[in-house]
Amino acid sequence: MTDTSDRGGPGSPIPDDADVMSRDMRWFTYATGLGVRVEAEAVPEPRPDTEVAPALPEAALGDRTPLPRGTTELLERAPYPHGRVGFPRETPESADALGHALVAGFGLQRREPENPFNDHRPYPSVRAKFPVQVLVRDGRHRRVLDLYRHALTGVGRQDGAAGPLEVALAGRYTRLPDSYRWFRSSLIGLELGVNLRQLCLGMELFGLSGRLRLPDRNAAGLLTDFGLTPEAEWSLPLTVALEDGGPPVAAAQAERAADPVLDGILTVNRAQDFTGSAAPIGPSVPAGLPRDGALSWAEVLWRRSAGRMPRGMYGMTGRRRPVAERTLREAVSWLGVPPPGPQLAAAWQELRVTAVFQGIEGHADGVWHLRDGRPTLHQARPGAAAELETHYGYPVTPYAGGDVRHASAVWFLSAHPRRLVDRLGPGGFTAAQYAAGWAAQGISLAAAATGLYARPARAFQEVPTRQLLGLDPDEMIVCAAITGTPRFEGLLCDLRL
C-alpha cells in the first residue's frame with residue numbers, strides 16, 4: 001500500500017455538501033470524465049425498503065446437489081492460523097473439497113435471537129442482505145450456492161458440454177434497498193472484495209488452487225449464461241477457475257437500465273475491461289502469524305462479529321479497555337496480504353491505511369498511518385475516537401448504538417481516484433473497492449482471532465473525517481472498519497454443518 005508522506009494536491013473536487021448516496025458517483029465522474037447524473041430530480045422516488053430482490057436469483061429452480069456435511073468438524077481439527085484440511089488426491093473425500101471450501105467460506109454460523117439482522121455468516125453484509133451470489137459451473141451445469149438447503153441449486157443453462165470447474169461471484173444491486181441509490185455501486189463492489197477473500201480462504205483451507213479473472217467487456221455474457229436477469233441489476237462477475245480453460249461465453253451487448261440510478265451504477269461497473277491472463281489466487285492468510293494453537297479455524301469463523309446490541313436494538317456498542325499489542329500486529333498482518341492478480345494488487349497498492357488507535361499497548365492514542373507494514377504516528381490526539389463518533393452517520397439513540405468512542409482501532413482505507421484511473425483505466429475505480437473489501441475482511445478475521453468485533457462501515461461523513469485523519473483534499477475514503485471489545489453477550493444458536 002502506498003507511502004504517502006509527500007502529501008498535497010488540489011482542493012477537493014467534490015462539493016463539501018454532497019450527500020453520501022451520490023458522493024462516490026461524483027468521485028467516479030471526477031476521475032474518469034464519464035458523467036453520471038446524480039441530481040435528485042432526475043430519478044424516481046425510491047420504493048419502500050422492504051421491496052428488494054429475493055435472496056436467491058429467480059432462476060434458481062433446478063435440481064439440487066447436496067453439499068457435504070462435517071465441514072465444521074474438519075475445521076475444528078485445523079489450528080488457526082496455519083492449519084489446513086488435506087484430502088489425498090483421487091479419494092472420495094477429495095471430490096467434496098470444493099463443497100467444503102464453499103461452506104467454510106460462506107456457510108451459516110449462528111443465530112442471535114435478539115439481533116434484528118440474522119443469520120450470521122463468517123463475513124459481514126449491508127443489512128445482512130448478502131447481495132453477492134456464489135455460482136458454480138462445470139460446462140454442463142450452472143448452480144448457485146443455496147445455504148438454507150445446504151446445496152448447490154440449478155440455475156441458468158444446464159445443457160452445455162462438460163467443461164472445467166469455475167466459481168463466479170456476482171452482486172445484485174436491487175438486493176439492497178432503493179434508498180441507497182447510487183451508493184449501491186460502491187457497496188456491491190466492497191462486498192465482492194469481501195466475498196473474494198472468503199472464497200480464497202475456503203479454497204486455501206481445503207487445499208484448492210485456482211486462477212482469478214476480472215471482468216472484461218465480454219463478462220456480461222456470464223450473466224446470461226447463469227440466467228441472472230434482468231442483467232442490468234447485476235454486477236459483472238469475478239471468476240475463479242479451478243482448472244485450466246473454461247467453457248466459452250458469448251459476448252453480450254452493453255445494457256441500459258430504465259431506472260436512471262441503475263443506469264449510472266452500470267456506467268461504473270461496465271467501465272471494467274481488464275485484459276490479460278487469469279492470475280493464480282495465492283494465499284489469503286498471512287504467513288507470519290504466530291502458531292499458538294489456541295484457536296481452530298472453526299472457532300475463528302464462528303467468532304466473526306460486527307458488534308452486538310441487546311433487546312432487538314440496531315447497531316453496535318463496545319466497552320473501552322486496554323488491548324494487547326498482539327491485536328494490532330494481527331490486523332496489520334492481515335492487511336499486508338494483497339488480493340490476487342496484478343490489477344487488484346496494483347489497486348491495493350494505491351490504498352492508503354490510516355487509523356485512530358485508543359488504548360493499544362505501546363501506541364499513543366491518536367491518528368496513525370500504516371507505512372511499509374508498520375504503524376507510524378501522525379498525530380497524538382487523545383479523544384480522537386470520540387471526535388470520530390460525532391462524524392458517524394448512525395448516532396447513539398435509545399433504539400440504536402453507534403459506539404465509536406470506545407473503539408480500540410478505527411481503520412480507514414482511502415485512495416486518490418485519479419491515480420487509480422491513471423494506473424488501471426476506468427475499471428481501477430471499482431478495482432479499488434474490491435481491494436478495500438478484501439482488506440476489510442482481513443481486519444474482520446484478525447478481530448475475530450483476538451476477541452474483538454469488526455464493523456465495516458461507509459457511514460462516516462467524508463469531509464470532517466478526512467480533515468481529522470490528515471488526508472488529501474482529492475482523496476476518497478473507500479471503506480472503514482470499527483474494531484473494539486463487545487459490551488453485550490447473549491444466546492447463540494449454532495447453525496453450522
Side-chain angles (χ1 to χ4, degrees), residues 10-49 51-53 126-127 129 131 171-192 230-236 254-272 391 393-394 413-422 425-434 436-437 457-466 471-480:
S12 174
I14 307 302
D16 285 357
D17 61 352
D19 67 283
V20 68
M21 300 307 176
S22 68
R23 178 171 287 276
D24 287 9
M25 282 299 190
R26 297 176 191 275
W27 279 117
F28 175 78
T29 297
Y30 159 74
T32 64
L34 300 174
V36 178
R37 290 192 68 188
V38 294
E39 294 79 11
E41 61 272 13
V43 300
E45 287 295 315
R47 298 173 299 167
D49 281 5
E51 295 185 18
V52 296
V126 177
R127 293 196 179 191
K129 291 299 185 185
R172 191 170 192 177
Y173 300 110
T174 50
R175 179 67 182 151
L176 300 180
D178 275 10
S179 59
Y180 282 88
R181 315 308 269 167
W182 302 273
F183 197 29
R184 289 174 287 177
S185 174
S186 292
L187 294 175
I188 293 292
L190 291 167
E191 292 211 23
L192 281 163
E231 292 168 17
E233 296 184 7
W234 291 86
S235 74
L236 297 178
E255 282 191 323
R256 305 293 297 185
D259 180 344
V261 177
L262 276 180
D263 196 60
I265 289 171
L266 287 181
T267 300
V268 179
N269 186 256
R270 277 26 174 193
Q272 297 177 91
H391 307 317
Y394 295 100
L413 301 157
S414 59
H416 295 80
R418 279 200 171 168
R419 291 188 199 172
L420 288 165
V421 171
D422 288 346
F429 189 86
T430 300
Q433 291 158 356
Y434 299 155
R458 280 297 313 272
F460 287 97
Q461 299 168 29
E462 187 174 63
V463 175
T465 302
R466 186 176 65 219
L471 304 183
D472 296 340
D474 62 339
E475 193 168 358
M476 169 186 167
I477 295 174
V478 184
C479 187

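Only a predicted model underlies this, so the values are computations on that prediction, with no experimental measurement involved. Hydrogens, waters and symmetry mates are skipped; everything else that's a heavy atom, side chains included, is used.
Taking CG of D474 as the reference point, atom OH of Y30 lies at 4.5 Å (rounded to 0.5 Å). Considering CG of L187 and OH of Y180, their distance stands at 7.0 Å, rounded to 0.5 Å. Of the inter-residue distances, the one linking Y434 atom OH with L192 atom CG reads 5.5 Å to the nearest 0.5 angstrom. Atom CH2 of W182 and atom CG of D24 lie 12.0 Å apart (nearest 0.5 Å). Summarising the geometry, atom OG belonging to S185 is positioned 5.5 Å from atom CD belonging to Q433; distances are rounded to the nearest 0.5 Å. Taking CG of D259 as the start and CD1 of I265 as the end, the distance is 8.0 Å to the nearest 0.5 Å.
Of the possible polar contacts, none joining the D49 side chain to the P177 backbone as a donor-acceptor pair under 3.5 Å is found. Proximity of a side-chain donor or acceptor of R184 to a complementary backbone N or O of S179 within less than 3.5 Å is not detected.
R256 is not listed as a side-chain neighbour of L266, based on a closest heavy-atom distance of 4.5 Å or more. Residues R418 and P13 are not in side-chain contact: their nearest non-hydrogen atoms beyond the backbone lie 4.5 Å or more apart. Taking 4.5 Å as the limit, some side-chain heavy atom of L34 sits within range of a side-chain heavy atom of F28. The closest side-chain heavy-atom distance from R127 to L176 is not below 4.5 Å. Annotation: side chain of L471 is not in contact with side chain of M476 (no heavy-atom distance under 4.5 Å). For the pair E233 and R175, the minimum side-chain heavy-atom distance is 4.5 Å or more. Residues V463 and R23 form a side-chain contact, since some pair of their non-hydrogen atoms from C-beta on lies under 4.5 Å apart.
The minimum heavy-atom distance linking V478 with A436 is given by the pair CG1-CB, 3.6 Å. Summarising the geometry of W27 relative to P473, their closest heavy-atom pair is CH2-O, 3.8 Å, with the distance given to 0.1 Å. The shortest heavy-atom contact between L420 and A432 is CD1-CB, 3.5 Å. Heavy atoms only, all atoms of each residue included: M25 and V36 are closest at SD-CG1, 4.2 Å. Across every non-hydrogen atom of T465 and H391, the tightest pair is OG1-CB, 3.7 Å.
Shown here is E45, whose CD atom has no more than 12 heavy atoms of other residues, nucleotides or ligands within 6.0 Å.
When each of V126, V20, L190 is tested with R458 by the rule side chain to side chain contact (heavy atoms under 4.5 Å, CB included), just one qualifies, namely L190. The residue from D19, L262, V43 that alone fulfils the side chain to side chain contact (heavy atoms under 4.5 Å, CB included) condition with R181 is V43.
With 3.5 Å as the limit, one finds no donor-acceptor pair spanning the side chains of Q272 and T430. No hydrogens or angles considered: nothing links the side chains of N269 and S235 as a donor-acceptor pair under 3.5 Å.
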Could you go through the side-chain contact (heavy atoms from CB on, under 4.5 Å) check for D178 and E51 one step at a time? CA-CA 8 Å; D178 275 10; E51 295 185 18; over 6 Å; no
